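Everything below concerns the one structure shown next.
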There are 2 protein chains.
Amino acid sequence: MSDTQRISRKFSQRAVMEAIVQGGPISRASIAKQTDLSKQTISEIVRQLELEGWIRETGRTSGHIGRTAVTYELIPDAAYIAAVDLGGTKVRVAIADLACHVFAEEVAPTDRRGGQFVVDQIAALCWQAAAAQNIPREKIRMAVVGAPGAPEQSTGRILMAPNIPGIQDMDVASALEKALGFDVTLENDVNLCVIGENWLGQGQGIDNLAYIAVGTGIGGGLMVNGQLVRGVGNAAGELGFLPFGAEPFDPESLRTGAYERVVASFGIIERYRRLVGEAATVPEIFEKAAAGDEKAATVLDETARLLAQGVAAIAAIANPQKVILGGSIGLREELVVRVRKFLPQCFPYPVEVETSVLGARAAIVGATAIGLSHLHNALFGADAPDSRMSLPPAETVSFKEAVR
Amino acid sequence: MSDTQRISRKFSQRAVMEAIVQGGPISRASIAKQTDLSKQTISEIVRQLELEGWIRETGRTSGHIGRTAVTYELIPDAAYIAAVDLGGTKVRVAIADLACHVFAEEVAPTDRRGGQFVVDQIAALCWQAAAAQNIPREKIRMAVVGAPGAPEQSTGRILMAPNIPGIQDMDVASALEKALGFDVTLENDVNLCVIGENWLGQGQGIDNLAYIAVGTGIGGGLMVNGQLVRGVGNAAGELGFLPFGAEPFDPESLRTGAYERVVASFGIIERYRRLVGEAATVPEIFEKAAAGDEKAATVLDETARLLAQGVAAIAAIANPQKVILGGSIGLREELVVRVRKFLPQCFPYPVEVETSVLGARAAIVGATAIGLSHLHNALFGADAPDSRMSLPPAETVSFKEAVR
DNA sequence: ATTAATTCGTTCTATCACCGAACTAAATCA
DNA sequence: TGATTTAGTTCGGTGATAGAACGAATTAAT
């Protein structure tokens, strides 16, 4: 058989799958119209997809004029993926099916012993989640793991990962693949957040999008033309090292970035201590500001001014349409309001600034997006690496809350 | 005929064309090996391409064992493109053929009357350049015009274009298309520089690349995963508004960016004036520094420190492999050496910093790259918008100096 | 209730792009 | 001179798809 013919068939198959994934239960005639393929071709492909166990008959149309049509839909439990958000304090695992329904989200405190223990913990949580919904292990095809730092796809290592002991020098991807028995993709957690927000959150339909996570540290994720910006060493989005805030040429700024030192939690606490003379945690500072404490408000103002500068820097370089703030600190509405006020004072073009709607779950939503996208691509996709298998629209996706 | 079949054929045709473009004179058997298509298919496609006037026989191989092979090559004068670099002081026009040979580069001072006069000037230069090489007008298929500011593809207007009077509110693209009689693509000049350097300059084979042009102003071009970053309002790369250097919240910084004010020519001159107490032009300052003037050297040091910060900002956000400095000031070797010294003092990961090798011609090289790429795509390309028709490798391209 | 209109899905035939194998042609090697 | 090697063609065959015709099933209209 010809090679190009094989590709041609895959293309058509993919188009059909996409129509079914996106269009819910749909008749063959409708698929033909949508895809511009002829009716018999659709029939043939549908027959094959049904045979292979990816789709099934749903029922028949009725009420319209003309003959009733048989409708088809995805078999949601034909395959599953695992989405993992590995943080310094918590591990989050979710299992999602082909139709993008998410079951069984499990959360647990990260195993403090680090290294292999964390790997085993992730595996255990996966099996636990799967078991909770009676999902057979073999049906899970791949996992996407989000982690802080710069995961290297090639070596499977996570560079510059803070907060998790003992994984600096281990091949996390391989270890996980061994423990789980299927493919594992590593990705930076903030990158997953952008993807998550782009799929189901604040950034729907926005192809030029940035995400800034502010918490104990600061990190950024950037999407350009619908593609993730990873950079050469996967170090794109290391916003902590933006050369302002603290003095960038201070040697200390090479260890903890000049920007991170002043804008993340440590900087906020320090600013409050200097101004007031006593210590307070970040949530306390927010509370005081809400209660009318002017000095606390000043601290937040100053923080927001710095954040606005960060947004301006991103906008000056990449000019995204929207910047989403996330992370425990970035999520605070009081802060975003202030950033919106300060930004036009230091940057002349309009940039939308919003808080993340997915919050702490942004990363796992993003991991799910990548996982399903990979899976769809692997099963039905073209071979082009940048081909984006479009995921179902937000309305049809159920991301139900996990049992705690 | 089937639609997918048509696509399939285009794919194959394109593959053949690519092999011919890249591989110089090449036999059908070799093309078959390279493309993994069968010999007869190649023969068929080659026959058609020859019939359509895109390729021609070149000669025969000899010296090898086995039967001699007929070799084919591109007919370089089958089509031409015009590349235009429209600057505040100079207009540059080049005509290039399908094989990426550039003829007839014309340079002239930009018509000071602006607006339609500039449009007419560009057209005149095009015809002049074409006439100089006896190229019939009809064979020019399209033009790519690089200009400062943010060219909007949709409206054909150039927003925020400094230095050129009377084109703020005119549809430059349409006016040019009317004057020239073929398609015109507008692009930011610094964006063209990145593309140019990526094709024939310092950035060959580097898909994550940044270009900083420092002159009377400052601008940046960014390439991520081989794609240009334009941003929503085509305002990506407006580095002048990076929020450091001068005080970003100073209202003046909204007009002339905080960074631009201190790092571009005005800032350098000002810095010298403050330190020494007398005025000097930028070239003079460089001369003095070269002659051993310590204060002039200090001014350059300070400028380089600021530039290093700019590079750091780009690296923190997008993490390109290399940053190329260009523009009348950025090209100075003395400056780059200093930037290389300062960068590691404010940014922890390695970033290569180089001067542009294409210099003032970077934009026109980039325009040529885009033009030829578009043309190849239009003629033989797949319909995918992001498909990159690969241009011939640097060695085979002759970018001969223009007659002045 | 019968007929008309409409849509669904299949069957049948044709076309197109391509491959593989066999074959011819022309060169070098020994 | 024949063996070897490579180039290119001819011929038959196959897979993916289209288009037209047709039967099937339904609603709307009379």
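Only this structure's heavy atoms are used, side chains among them; waters, hydrogens and symmetry mates stay out. A, B, ... follow the sequence lines: proteins, then strands. Residue 1 opens every chain. On a predicted model such as this, the values are computed, not experimentally measured, just so you know.
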>> Would you say that B:Ile42 contacts B:Tyr72 through its side chain, given a criterion of any heavy-atom pair below 4.5 Å between the two side chains?
In response: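 The answer is no; the side chains never approach within 4.5 Å.
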
>> Quick one, A:Glu73 with A:Arg56, criterion salt bridge (charged side-chain N to carboxylate O under 4.0 Å, His left out). Give me CA distance, side-chain angles, the key distance, then yes/no.
In response: CA-CA 6 Å; A:Glu73 67 175 7; A:Arg56 67 179 167 212; 3.0 Å; yes

Between atom [atom1] in [X] and atom [atom2] in [N], what is the gap in whole Å?
{"X": "B:Ile31", "N": "D:dT6", "atom1": "CD1", "atom2": "C1'", "value": "16 Å"}
{"X": "B:Gln34", "N": "D:dA7", "atom1": "CD", "atom2": "C1'", "value": "16 Å"}
{"X": "A:Leu37", "N": "C:dG9", "atom1": "CG", "atom2": "P", "value": "15 Å"}
{"X": "B:Arg14", "N": "C:dA17", "atom1": "CZ", "atom2": "C1'", "value": "18 Å"}

Looking at [N], I'd like to know if its phosphate oxygens (OP1 or OP2) sit under 4.0 Å from a side-chain N or O belonging to [X].
{"X": "B:Arg28", "N": "D:dG8", "value": "yes"}
{"X": "B:Arg9", "N": "C:dC16", "value": "no"}
{"X": "B:Ser43", "N": "D:dT9", "value": "yes"}

>> Pairing donors with acceptors under 3.5 angstrom, does anything connect the side chains of A:Glu52 and A:Gln48?
In response: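 Short answer, yes.
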
> Do any N or O atoms from the side chain of A:Asp97 and from the backbone of A:Asp77 form a donor-acceptor pair under 3.5 angstrom?
Replying inline: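 Checking the backbone N and O of A:Asp77 against the side chain of A:Asp97, no donor-acceptor pair under 3.5 Å is found.
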
>> Can you build the contact string for nucleotides 20-30 of chain D? Use B for base contact, S for sugar-phosphate-only contact, and - for no protein heavy atom under 4.0 Å.
In response: B--BBBBS---

>> Does this structure show an ion pair linking A:Glu152 with A:Arg230, if we count only N-O contacts that are shorter than 4.0 Å?
In response: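 No, this pair does not count.
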
> Looking across every strand, which nucleic acid part, if any, lies under 4.0 Å from A:Ile42 by heavy atom: base, sugar-phosphate, or nothing?
Replying inline: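 Nothing, no nucleic acid heavy atom in range.
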
>> Considering every strand and a 4.0 Å limit on heavy-atom distances, what is the contact class for A:Glu44: base, sugar-phosphate, or nothing?
In response: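 The residue A:Glu44 makes base contact.
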
> Which residue, B:Ser38 or A:Lys33, contacts DNA chain C at a nucleotide closer to its 5' end, judged by nearest heavy atom?
Replying inline: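 Its nearest nucleotide lies further toward 5', so the answer is A:Lys33.
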
> On DNA chain D, nearest-nucleotide positions of A:Thr41 versus B:Ser30: which is more 5'?
Replying inline: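 Nearest-nucleotide comparison on DNA chain D picks B:Ser30.
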
> For B:Leu98 and B:Ile75, what are the C-alpha separation, side-chain angles and deciding distance, and is it a side chain to side chain contact (heavy atoms under 4.5 Å, CB included)?
Replying inline: CA-CA 8 Å; B:Leu98 265 183; B:Ile75 299 183; over 6 Å; no

>> Working to the nearest 0.5 angstrom, can you tell me the gap between A:Leu222 CG and A:Leu228 CG?
In response: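 Interatomic distance, A:Leu222 CG to A:Leu228 CG, rounded to 0.5 Å: 8.0 Å.
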
